[in-house]
Amino acid sequence: MLNQRLVRENPNLIARELSRRGMRLDLKGLQVIAQKQKDLEKRRNLLQAEGNLIGKKVGQSIKQGLDPTSKEINSLRQEGNLIKQKVNELDIEEKKAAEILRNKLLSLPNLPSPKCPNGQNETENKEIRQWGDPPIGKHFKNHWEIAESLNLFESERSARIAQSRFVTLLGNGARLERALINFMLDLHSKKGYKEILPPVLVNTKSLTSSGQLPKFAEESFRCADDDLWLTPTAEVPVTSMHRNEIIPSEQLPLKYVAYSPCFRREAGTYGKDTRGLIRLHQFNKVELYWFAHPEKSEEAHDQITTDAESVLRELELPYRVIELCTGDLGFSASRTFDLEVWLPGAGVYREISSCSNCDEFQARRSSIRTKEDKKTRVLHTLNGSGLAVGRTMAALLENGQQPDGSVVLPKALVPYFGAKQIELNQ
RNA sequence: GGAGAGGUGGCCGAGUGGUUUAAGGCGCAGCACUGGAAAUGCUGUAUAGGGGCAACUCUAUCGAGGGUUCGAAUCCCUCCCUCUCCGCCA
């Protein structure tokens, strides 16, 4: 959420920055409402002070022995009633204004960082760096062909269990997924991340706090009888873990690594990535998350990205780092680096991690602050996949495929998987 | 799911309609005392939003939201959460 003071004092700045995202907004109306709310609040406060004074007078008079039914007391009571009535009227108006303001503010995205390059859409993203030698050739198979021949997962029967876009991992497939989750959690834990296994059902407040609601309700699965949703990412429960807290600055940064299954409707992607492990309604993800000091979030952003990259390096998977342009930036992000892994079967780089600096945006929605020298201020939050597990498996299959149909696994994974390769007919 | 007890500052805890401006204690910080410390004493110690150069000051917040009242931590209503016992359950 954007700072309300900014709405009142510099709406043009907001409009200008959001235009970099391709939004054309006139914030004059919003500014008027914000100002109105503040004015009403001021008037109400003054009236309340008057009312408090009368209340005090009545109390003192009675204490001094004045008859509670006397003229003086009764006239004070009348005065008090009058004030109360006025306060109520102001209060109703003020709440209306505050509600409108809040709803509008909650559906405005974050301002892009000054460092975020301008652009209309994903075609204008900037490549930052590349790592590894991407194997190229027509003979490489897609990961679902490999998985099928190795009998790693079952898609058609999964539709029987749930729907399309669900997958059931089998045998070595299930084992590999589990190995990857453990490997990633261990790798990040060793770097000082605290491991979290969060609830995957989250309430409306939590989804609002990290920015998925109110705008993207159609992207999440909702429980019919409860105020609970299936989380689209561990970012949601981890953000809300510290909702309404003040974290002393000497404790920052708080670094968490959270494994969770993630649930997304993937509305509007019919026909896209219908086969394999790339786009599912349920997938596993290991998420990195930082609560950082507001002045140190840029370094934190570099570090969280590097930490996410380390998984790909350990797994010897070629990748590149892309900086998203303003037009491709997510709702809560001010700046984002995507990691894209090379898929030789598909012959493309595919997003496998998104590392975002959300600066104050989520923290303000969640009221997460830090305290330093008696001053409280909103802190910064960052998140990055470390990594999407299903897509990592796809990349391992495509990059590790051998002419004989087996798949060779990277050394780092062997202790976790228990074998150097996945053979045919196992 | 049933019955009962609770929810007050960083923590413990008093407070059942009016000098509560939330007592007292613990913790923490500063100062004094000390060779240094302990002990002791004094002062300070929440959040949000306003006003003021500042000292300071106003408003709200005692689980959340409503209500009664001139005045609510205290009374009423709704909801949430915690604990104990019972039932059910991995």
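Note on naming: letters A, B, ... go to the chains in the order of the sequence lines (proteins, then strands), and numbering restarts at 1 for each one.
F183(A) and F417(A) have their aromatic ring centers separated by at least 6.0 angstrom.
Spacing of P atoms, C12(B) relative to G2(B), comes out at 30 Å, to the nearest Å. G17(B) sits 7 Å from A72(B) when the C1' atoms are compared, rounded to a whole Å. Separating the C1' atom of G7(B) from that of G63(B) is a span of 6 Å, rounded to the nearest Å. Using P as the reference atom, A22(B) and A29(B) are 25 Å apart when rounded to the nearest Å. U19(B) and A37(B) are spaced 44 Å apart, taking the P atom of each and rounding to whole Å. Rounded to a whole angstrom, the distance from the C1' atom of C58(B) to that of A5(B) is 40 Å. Rounded to whole Å, the separation between the P atoms of A55(B) and A46(B) comes to 15 Å. Spacing of C1' atoms, G65(B) relative to C81(B), comes out at 15 Å, to the nearest Å.
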With a cut-off of 3.5 Å and sequence neighbours excluded, list every side-chain donor-acceptor pair involving residues 244-251 of chain A.
unit_1: E245(A); atom_1: OE1; unit_2: H242(A); atom_2: ND1; d: 2.8
unit_1: S249(A); atom_1: OG; unit_2: K371(A); atom_2: O; d: 3.4

Would you list the atom pairs, donor with acceptor, under 3.5 Å between side chains in residues 74-83 of chain A and any protein atom, with sequence neighbours excluded?
unit_1: N74(A); atom_1: ND2; unit_2: T69(A); atom_2: O; d: 3.3
unit_1: S75(A); atom_1: OG; unit_2: E72(A); atom_2: O; d: 3.1

Report, one line per pair, each donor and acceptor closer than 3.5 Å where one atom sits in a side chain of residues 105-115 of chain A; sequence neighbours left out.
unit_1: S107(A); atom_1: OG; unit_2: N103(A); atom_2: O; d: 3.1
unit_1: S107(A); atom_1: OG; unit_2: K104(A); atom_2: O; d: 3.1
unit_1: N110(A); atom_1: ND2; unit_2: S332(A); atom_2: O; d: 3.1
unit_1: N110(A); atom_1: ND2; unit_2: C358(A); atom_2: O; d: 3.3
unit_1: N110(A); atom_1: ND2; unit_2: D359(A); atom_2: OD1; d: 3.1
unit_1: S113(A); atom_1: OG; unit_2: K115(A); atom_2: N; d: 2.9
unit_1: K115(A); atom_1: NZ; unit_2: E298(A); atom_2: OE1; d: 2.9

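Using a 4.0 Å cutoff on non-hydrogen atoms, the parts of residues 41-53 of chain A near RNA chain B are E41(A), K42(A), N45(A), Q48(A), A49(A), N52(A), ordered by number.
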> Which is it for E219(A) and Q212(A) under the side chain to side chain contact (heavy atoms under 4.5 Å, CB included) test, yes or no, and what are the steps along the way?
Replying inline: CA-CA 8 Å; E219(A) 257 306 305; Q212(A) 282 76 15; over 6 Å; no
**Q.** Step-by-step side chain to side chain contact (heavy atoms under 4.5 Å, CB included) determination, R275(A) to E148(A)
**A.** CA-CA 11 Å; R275(A) 304 198 67 181; E148(A) 210 166 288; 3.6 Å; yes
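Within the nucleic acid shown, K375(A) has no heavy atom closer than 4.0 Å to any nucleic acid atom. Nucleic acid contact for T376(A): sugar-phosphate only, since backbone atoms but no base atoms lie under 4.0 Å from a heavy atom of the residue. Within 4.0 Å of K57(A), counting heavy atoms only, lies no atom of the nucleic acid at all. Looking at heavy-atom distances under 4.0 Å, K205(A) makes no contact with the nucleic acid at all.
Across all strands shown, C62(B) has no partner, as no Watson-Crick or G-U wobble contact with both distances under 3.5 Å is found. With a cut-off of 3.5 Å on both Watson-Crick or G-U wobble distances, the partner of U45(B) is given as G27(B). Of the nucleotides present, none pairs with U74(B) by Watson-Crick or G-U wobble criteria with both distances under 3.5 Å. The partner of G1(B) is C86(B), by the rule that a Watson-Crick or G-U pair needs both atom distances under 3.5 Å. Across all strands shown, U20(B) has no partner, as no Watson-Crick or G-U wobble contact with both distances under 3.5 Å is found. U40(B) is paired with A32(B) under the criterion used here, namely a Watson-Crick or G-U wobble arrangement in which both key atom distances are under 3.5 Å.
Listed by chain and residue number, nothing satisfies the ring-ring contact (aromatic ring centres under 6.0 Å, His included) test with F263(A) (two or more places apart in sequence, or in another chain).
Running 5' to 3' along RNA chain B, contacts with non-hydrogen atoms of chain A at under 4.0 Å begin and end at G18(B) to G71(B).
Electrostatic pairing of K95(A) and D91(A) counts as a salt bridge here, judged by a charged N lying under 4.0 Å from a carboxylate O.
Summarising the local packing, CZ of R8(A) is surrounded by more than 12 heavy atoms from other residues, nucleotides or ligands at distances under 6.0 Å.
Nearest-nucleotide positions on RNA chain B place R8(A) closer to the 5' end than the other of N81(A) and R8(A). In terms of position along RNA chain B, the nucleotide closest to K371(A) lies nearer the 5' end than the nucleotide closest to the other residue of the pair K371(A) and L76(A).
Counting only heavy atoms from C-beta outward, the side chains of R264(A) and H281(A) never approach each other to under 4.5 Å.
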